[in-house]
A.B. asks: 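Here's a structure for you.
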Amino acid sequence: MGSAKASAATTVIPDISEWQGKLTASKVSNLKSQVSFIINRRQYGANYQDKYATNNTNLYTKYGIPFGEYDYATFTSAASAKHEANVFYQHSNKNAKFYVLDYEENDVTSGSTNSAVKAWYNQMRSLTGKKLIFYSYQSFATAHANTARKSFDAQWIANYSSKPTIQTDLWQYTNKKYVPALKESVDASTILNSSKPITWWIGGAQSADTSTPTYFTSAVTSVTTTKKIYLYDSTSFKKSHRVVTVQPGTKVSVSGLQKRSTGSYYFETADGRYLTANKNYVQ
């Protein structure tokens with residue numbers, strides 16, 4: 001299939017795995033001026049670690065190249081996806097700016113593919129506040145993860161013949177981009193969503209500064225935290241009124257939803273405490 005043209009980035013955003021070999025210091029030093037950032041494969045499922053992931057990501061760190069890491073998924077169920085996420089995070093280089101679920105083959109034999117993808121997301125979100133990215137081909141994304149993919153902080157979509165027609169923040173537009181420092185052609189991507197420029201990808205942890213707040217606007221009985229939050233004993237949400245620290249992945253029962261004059265929303269618990277209704281922090 002012919003490669004589509006992309007002109008949104010002046011430098012390449014390649015994804016690199018053991019197929020590009022064990023990178024050397026000189027290659028990575030030269031690579032720095034040729035890439036915006038790199039997305040590196042960490043593993044092929046829970047049972048196979050990329051041969052050169054540790055070597056390569058250590059070199060990116062040494063030479064100051066921002067990078068993310070990806071897990072090529074082979075999970076077979078929600079429980080398997082949770083385990084795979086644990087292994088991925090355990091082995092990842094903690095200098096990674098973001099983490100990617102590369103979901104492009106269906107190995108799920110128990111439960112739905114959407115529930116497995118969501119289980120991977122939920123487990124990773126309980127382990128890290130960094131950005132979580134969903135990757136797939138457009139046709140596979142819509143067929144097998146059409147609801148779960150929307151929980152992720154961004155979508156990285158491969159479509160070599162034309163621009164994707166689904167929500168795409170990062171577009172993998174070719175598998176034949178020549179990179180002089182590597183002396184070979186690789187998969188490459190470019191930014192499609194101007195609200196998530198290169199600085200968004202390499203900025204580290206997801207936060208209210210990089211995500212436009214969206215709120216629950218109708219009552220629910222419980223929410224699950226996706227980042228560390230606090231329960232307050234006052235609706236002012238001032239630091240001095242924090243009474244409980246709640247870790248990511250915690251289910252919190254709520255009894256009411258209130259709206260401020262500023263347009264933001266917050267939840268009330270049965271025992272009279274308050275927490276944010278911002279979907280960047282609870283879901």
Side-chain angles (χ1 to χ4, degrees), residues 13-20 23 37-58 60-61 66-138 140-141 143-145 147-158 168-170 172 175 186-189 201-202 204-206 226 248-249:
I13 301 169
D15 41 294
I16 290 175
S17 71
E18 65 185 45
W19 299 112
Q20 280 70 55
L23 300 186
F37 57 88
I38 293 169
I39 309 176
N40 200 91
R41 188 177 76 162
R42 171 56 58 175
Q43 64 184 33
Y44 183 94
N47 298 320
Y48 184 85
Q49 295 297 307
D50 188 287
K51 288 179 184 177
Y52 307 125
T54 297
N55 172 81
N56 293 352
T57 58
N58 285 345
Y60 307 151
T61 299
F67 66 94
E69 294 210 67
Y70 71 90
D71 166 26
Y72 186 103
T74 64
F75 48 68
T76 58
S77 66
S80 171
K82 181 178 179 179
H83 171 67
E84 189 168 310
N86 278 332
V87 174
F88 175 50
Y89 184 73
Q90 176 188 344
H91 287 95
S92 65
N93 185 315
K94 300 309 181 286
N95 292 304
K97 299 296 186 180
F98 55 86
Y99 297 104
V100 182
L101 172 63
D102 177 349
Y103 186 52
E104 55 183 285
E105 67 175 61
N106 180 15
D107 298 311
V108 173
T109 55
S110 176
S112 71
T113 52
N114 274 285
S115 64
V117 169
K118 191 63 184 294
W120 187 98
Y121 170 87
N122 286 342
Q123 186 59 21
M124 285 296 294
R125 181 51 72 218
S126 75
L127 296 169
T128 179
K130 292 182 180 180
K131 302 178 185 80
L132 300 178
I133 315 301
F134 176 85
Y135 168 89
S136 194
Y137 295 91
Q138 177 169 324
F140 191 90
H144 298 288
T147 56
R149 64 188 171 88
K150 296 171 184 176
S151 296
F152 288 71
D153 297 310
Q155 295 188 72
W156 174 27
I157 302 297
T168 302
D169 302 296
L170 186 66
Q172 188 184 83
N175 60 353
V186 299
D187 297 348
S189 302
W201 293 83
I202 64 176
Q206 181 69 299
T226 58

A.B. asks: State whether the side chain of N56 and the backbone N or O of L23 hold a donor-acceptor pair below 3.5 Å, judged by distance alone.
C.D. replies: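 Present.
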A.B. asks: For Y70, is there any backbone N or O sitting under 3.5 Å from a side-chain donor or acceptor partner on D102?
C.D. replies: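 Judged by distance alone, no pair lies under 3.5 Å.
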A.B. asks: Taking the six-membered ring of F152 as reference, does the NZ or CZ atom of K131 fall below 6.0 Å from its centre and within a 45° cone about the axis?
C.D. replies: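 K131 over F152 ring: no.
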A.B. asks: Among side-chain atoms of K94 and S92, is any donor-acceptor pair under 3.5 angstrom?
C.D. replies: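 On atom types as modelled, these side chains qualify, holding a pair under 3.5 Å.
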A.B. asks: Once rounded to the nearest 0.5 Å, what's the spacing between atom OG of S151 and atom CG of N122?
C.D. replies: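 Nearest 0.5 Å value for the OG-CG distance: 7.0 Å.
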A.B. asks: I need the minimum non-hydrogen distance between M124 and A85, along with the two atoms involved.
C.D. replies: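 Shortest heavy-atom contact: SD-O, 3.6 Å.
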A.B. asks: Do E105 and Y72 get their side chains close enough for a donor-acceptor pair, meaning under 3.5 Å?
C.D. replies: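 There is such a pair (donor and acceptor under 3.5 Å, judged by atom type) between the side chains of E105 and Y72.
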A.B. asks: Under a 3.5 Å threshold, yes or no: a donor from one side chain and an acceptor from the other, between S112 and S115?
C.D. replies: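 Side chains of S112 and S115: pair found under 3.5 Å.
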A.B. asks: So how far is it from Y99 OH to T128 OG1, rounded to the nearest 0.5 Å?
C.D. replies: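 Reported value, rounded in 0.5 Å steps: 5.0 Å.
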A.B. asks: Provide the closest heavy-atom pair for A188 versus D15 in the form atom of the first, atom of the second, distance.
C.D. replies: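 That closest heavy-atom pairing would be N-OD1, 4.2 Å.
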A.B. asks: Should F75 and Y103 be marked as a ring-ring contact (aromatic ring centres under 6.0 Å, His included) after you check the CA-CA gap, both sets of side-chain angles, and the distance that decides it?
C.D. replies: CA-CA 9 Å; F75 48 68; Y103 186 52; 5.4 Å; yes
A.B. asks: Could you state the interatomic distance from CZ (F134) to OG1 (T168), rounded to the nearest 0.5 Å?
C.D. replies: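 Rounded to the nearest 0.5 Å, the CZ-OG1 separation comes to 11.0 Å.
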A.B. asks: Can you tell me how far the OG1 atom of T61 sits from the CG atom of N93, to the nearest 0.5 Å?
C.D. replies: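 Interatomic distance, T61 OG1 to N93 CG, rounded to 0.5 Å: 4.5 Å.
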A.B. asks: Measure the CG-CZ distance between L101 and F88 for me, rounded to the nearest 0.5 Å.
C.D. replies: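 Between atom CG of L101 and atom CZ of F88 there are 8.5 Å.
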A.B. asks: Name the orientation class of the two ring planes belonging to F37 and W201 (parallel below 30°, tilted from 30 to 60°, perpendicular beyond 60°).
C.D. replies: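 Judged by the thresholds at 30° and 60°, the geometry between F37 and W201 is parallel.
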A.B. asks: Taking all non-hydrogen atoms of both residues, which atom of R125 and which atom of K130 are closest, and how far apart?
C.D. replies: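 Reported closest heavy-atom pair: NH1-O, 2.9 Å.
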A.B. asks: Classify the angle between the aromatic ring planes of Y44 and Y48 as parallel (below 30°), tilted (30 to 60°) or perpendicular (above 60°).
C.D. replies: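 The arrangement is perpendicular - the two ring planes meet at more than 60°.
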A.B. asks: Is the side chain of E18 donor-acceptor paired with the backbone N or O of K51 at a distance under 3.5 Å, no angle test?
C.D. replies: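 Indeed, once roles are kept as given, a pair shorter than 3.5 Å links the two residues.
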A.B. asks: Report yes or no: do Q43 and D71 form a side-chain donor-acceptor pair below 3.5 Å?
C.D. replies: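 Yes, side-chain donor-acceptor contact under 3.5 Å.
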A.B. asks: List the steps and the verdict of side chain to side chain contact (heavy atoms under 4.5 Å, CB included) for Y135 and I39.
C.D. replies: CA-CA 11 Å; Y135 168 89; I39 309 176; over 6 Å; no
A.B. asks: Would you please say whether a donor-acceptor pair under 3.5 Å links the side chains of N40 and T57?
C.D. replies: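 No donor-acceptor contact under 3.5 Å links the two side chains.
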A.B. asks: Can a donor-acceptor pair be found between the side chains of N86 and Q123 at a distance below 3.5 Å?
C.D. replies: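 On atom types as modelled, these side chains qualify, holding a pair under 3.5 Å.
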A.B. asks: For H91, is there any backbone N or O sitting under 3.5 Å from a side-chain donor or acceptor partner on R42?
C.D. replies: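 At least one qualifying donor-acceptor pair exists.
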A.B. asks: If we ignore hydrogens and angles and just use 3.5 Å, is the side chain of D107 paired with the main-chain N or O of T76 as donor and acceptor?
C.D. replies: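 Checking the backbone N and O of T76 against the side chain of D107, no donor-acceptor pair under 3.5 Å is found.
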A.B. asks: Using every non-hydrogen atom in the two residues, find where A81 and A116 come nearest and quote the distance to one decimal.
C.D. replies: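 The pair with the smallest heavy-atom distance is CB-O, 3.2 Å.
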A.B. asks: Just by distance, do the side chain of S126 and the backbone of G249 share a donor-acceptor pair under 3.5 Å?
C.D. replies: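 A pair under 3.5 Å: no.
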A.B. asks: CD1 of I202 to CZ of F98: how many Å apart, nearest 0.5 Å?
C.D. replies: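 Here the rounded value is 9.5 Å.
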A.B. asks: Which pair of heavy atoms, one from A148 and one from N114, lies closest together, and at what distance?
C.D. replies: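 Result for this residue pair: N-OD1, 2.9 Å.
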A.B. asks: Considering all heavy atoms of both residues, which atom of G45 and which atom of T74 are nearest to each other, and what is their separation?
C.D. replies: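 Looks like CA-OG1, 3.2 Å.
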